[in-house]
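Note sheet for the following structure.
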Amino acid sequence: MKFLFSALAAASVVALAGCTTAPVESEAPSLSVEQTSALDAVLAAQPEDAQTRYDARNPAETLAFFGIEPGMTVVEVLPGGGWYSKILIPYLGPEGQLIAAHYPDEIWPALFGEDADPERINAVIARADGWAAGAREWYGEDGADIQQYKMTDGQAAENPSSVDAALFVRALHNLHRSEAQLGLFTEAIAETYDLVKPGGVVGVVQHSGPETNSDEWADGNAGYLKQSRLIAAFEAAGFVLEATSDINANPADVPSEDDFVWRLPPSTATSEEGTPERAAFEAIGESNRMTLLFRKPA
């Protein structure tokens, strides 16, 4: 499918404040009373199983921190099952656009390993190819226009400086895992810089590993990345770090170099139900997550 933005979305205005030169804790664009009310209504309409994650994912605070407003054109990287997408589509509204940015096909053999079942890889690729068609069925005609593309394959180059915001929500560790082999982490951030309008933003929520752990451990294979590494990468691409927040922080999650993020809820992949180990992980809760706001200079 050719990657096309609507003329209306491409002409939309970035309604965000001017950039600053240094990060300010918990200072970022805020929403108006009307926008906050609209977002609250969308969140209240989500199914119960989605709402059970609000305490850990803090969607209202996170989207407000990033300054996401109705009518914007927003790229969501690796939307997966659509947990955030199902919030963004009705919230952005019919004058907005949600663009799913999927990983490029070549990342999957690198992530799954050389001996991975080709049928498994093909199934993942097929799900991505059909994502937009499936997402359009969630709300019918009610909500944002939905498009998609695959990162770093050249489709996004057709639409430079055309999006108001790009969101990387727990989507950077796999790109970083493949960096040494494919260079996709650096390439994806550079591509995002080209896509975002001058004055537009990038919002990052990512499993945050201790700065004192080794760089080798924090390469993404354990799910965690270092905040310093991400800031350096986005600044190297030309973005300015405007603000940081502890909205999604969890101080109880202090992983050692023997840990990976999927030991924690909701995966709890390393423990059996009913065991003391599982109870300990559930007591920690979901991962400690950095929340970063970058801006492309106007």
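The two residues G238 and P297 make their nearest non-hydrogen contact at O-CD, 3.4 Å. Closest approach of A56 and N248 over heavy atoms only: O-OD1, 3.8 Å.
A cation-pi arrangement is absent between K150 and Y103 under the rule of less than 6.0 angstrom and at most 45 degrees off the ring axis. F239 does not carry R295 over the face of its six-membered ring by the limits of under 6.0 Å from the centre and within 45° of the normal.
Taking a cutoff of 4.0 Å between a charged side-chain nitrogen and a carboxylate oxygen, R53 and E286 qualify as a salt bridge.
Between W138 and S85 the shortest side-chain heavy-atom distance falls below 4.5 Å. Contact check for L175 versus T186: no side-chain heavy atoms found under the 4.5 Å cut-off. Residues L225 and H207 are not in side-chain contact: their nearest non-hydrogen atoms beyond the backbone lie 4.5 Å or more apart. Residues E106 and L184 have side chains in contact (heavy-atom distance under 4.5 Å, counting atoms from C-beta outward).
Counting non-hydrogen atoms of other residues, nucleotides and ligands closer than 6.0 Å to CG of D117 gives a total above 12.
Ring geometry for F260 versus W262: interplanar angle over 60°, hence perpendicular rather than tilted (30 to 60°).
A donor-acceptor pair under 3.5 Å is formed between the side chain of Q206 and the backbone N or O of G223.
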